[in-house]
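Note that ligands are numbered from 1 as they come in the structure, with each ligand's atoms numbered from 1 the same way.
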Amino acid sequence: MPDYRYSTLAVHAGQYPDPLTGAVNVPVYLSSTFELTGVGTDKGWDYSRAGNPTRDRLEEALAALEGGTSAHAFASGMAAIYALVATLHADDHVICSHNVYGGTQRLFNQVVCHYDIEIEYVDTGDLAAVEKAIRPTTRLIHVETPTNPIMSLTDIAAVSAIAHARGAEVSVDNTFMSPVLQSPLALGADIVMHSTTKFLNGHSDGLGGALIGSKPENKELFNLVQKAAGGILSPFECFLVLRGIKTLPLRMKAHEENGRAVAEFLSTQKKLTRLAYPGLKSHAQHELAVRQQKGFGSMMSFDLGTQAAAGRFLGAVKLFLNAESLGGVESLASHSASTTHAALSEEDRQRLGITEGLVRLSVGIEDKDDLIADLEQALKAV
Ligand SMILES: Cc1ncc(COP(=O)(O)O)c(C=O)c1O
């Protein structure tokens, strides 16, 4: 594909007319198997676990959007992280950002803990802590930036330099930013991971995940894991993500504009504390956000003090829906301690700052004045 600009890539990368029929949209190839042309020969596909024409197009689009050399689509964001884990070996050491999505911690603490792979949680925003934690057996540093829901950042370029000097790879969960607002591979990371359930799909109508690689070895390994373990994304879900991607740059512009407006409004409100939005100058890592990101997005969190206050707020919002997940066109508000981070012990949540009063917002693309009015009336109920 020529060196197109981003909005053009979003509409056209992987999304060219079907060679057979000229269909402008990528057809949904609902076929588990494909007729072979002879013994050991085929037209490019033999069985949909190994490869499916609709999935191929989505993978082509995702690789182009992240500037990677390959992409592989999985059944959910968690299936993508699990596929990444499947490339590790016993006795490998993994450094993971300390306040990643609760589901990632559930996978590491309750499943991967039985595999003789050591996962060490480190505040990857603290480069000295990363330097100190890295060992000869460290294979991977898995970073989430900004983190869910505390919105703390990691300097991707600096962590990648530390990792590469010691022979380790860096994977970045880019779900909160989407490929539009942050390009981890261009900053030096090796692998990008997405929950396509969020901004990439954008309409809250399908789960999905992806791993985008920067090296031939990544492609080979993720291909093998797809084929061998089978946690692949279905053709129909691939189609939904492809459709979402066409409007991703437009949607991200609207998310960004609304996110900034909502954060500015919230910053004037006395009933909340610890408002975390990297676009505010009050955010401790605002400078890093300006340097590393192409925008600040529409995710933020704040503390209302108690679970009862958070409950009153979530009961009072009308436009914002009290639901987990994020990145859809509709605005959502959620209580992290009892939803996305319920898998953590209370002690761990306290340590990470995921308090009982913490509320996370995913600001959608509705009219920003309507959203602010909704938040204003809900805060009155607190
Ligand atoms: C940052 C992040 N990574 C990964 C996931 C997991 O994605 P999925 O729900 O598609 O499995 C989530 C889900 O909320 C998330 O917020």
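Here K198 has side-chain heavy atoms under 4.0 Å from ligand 1, and that is the only part of it that gets that close.
Checked against Y121 for a side chain to side chain donor-acceptor pair (under 3.5 Å), the options D348, N109, N99 give a single hit: N109.
Side chains of S204 and E330: a donor-acceptor N/O pair is present below 3.5 angstrom, by distance only. Side-chain contact annotation: Q285 with Q292, donor-acceptor N/O pair under 3.5 Å absent. In this structure, a donor-acceptor pair under 3.5 Å is present between the side chains of N148 and R360.
Close contacts of ligand 1 with E144, meaning ligand atoms under 4.0 Å from a residue heavy atom, involve 1 (C). Here is the list of ligand 1 atoms found below 4.0 Å of a heavy atom in N148: 16 (O). Within ligand 1, counting atoms from 1 as listed, the ones closer than 4.0 Å to a heavy atom of G208 are 10 (O). Close contacts between ligand 1 and L326 involve ligand atoms 16 (O) [criterion: under 4.0 Å to a heavy atom].
Between the side chain of S214 and the main chain of D190, a donor-acceptor pair closer than 3.5 Å is present.
Considering only non-hydrogen atoms, atom 11 (O) of ligand 1 lies nearest to M78 out of R360, M299, M193, M78. Selection from T147, V100, D173 by nearest heavy atom to atom 1 (C) of ligand 1 gives D173.
Residues Q182 and T145 have side chains in contact (heavy-atom distance under 4.5 Å, counting atoms from C-beta outward).
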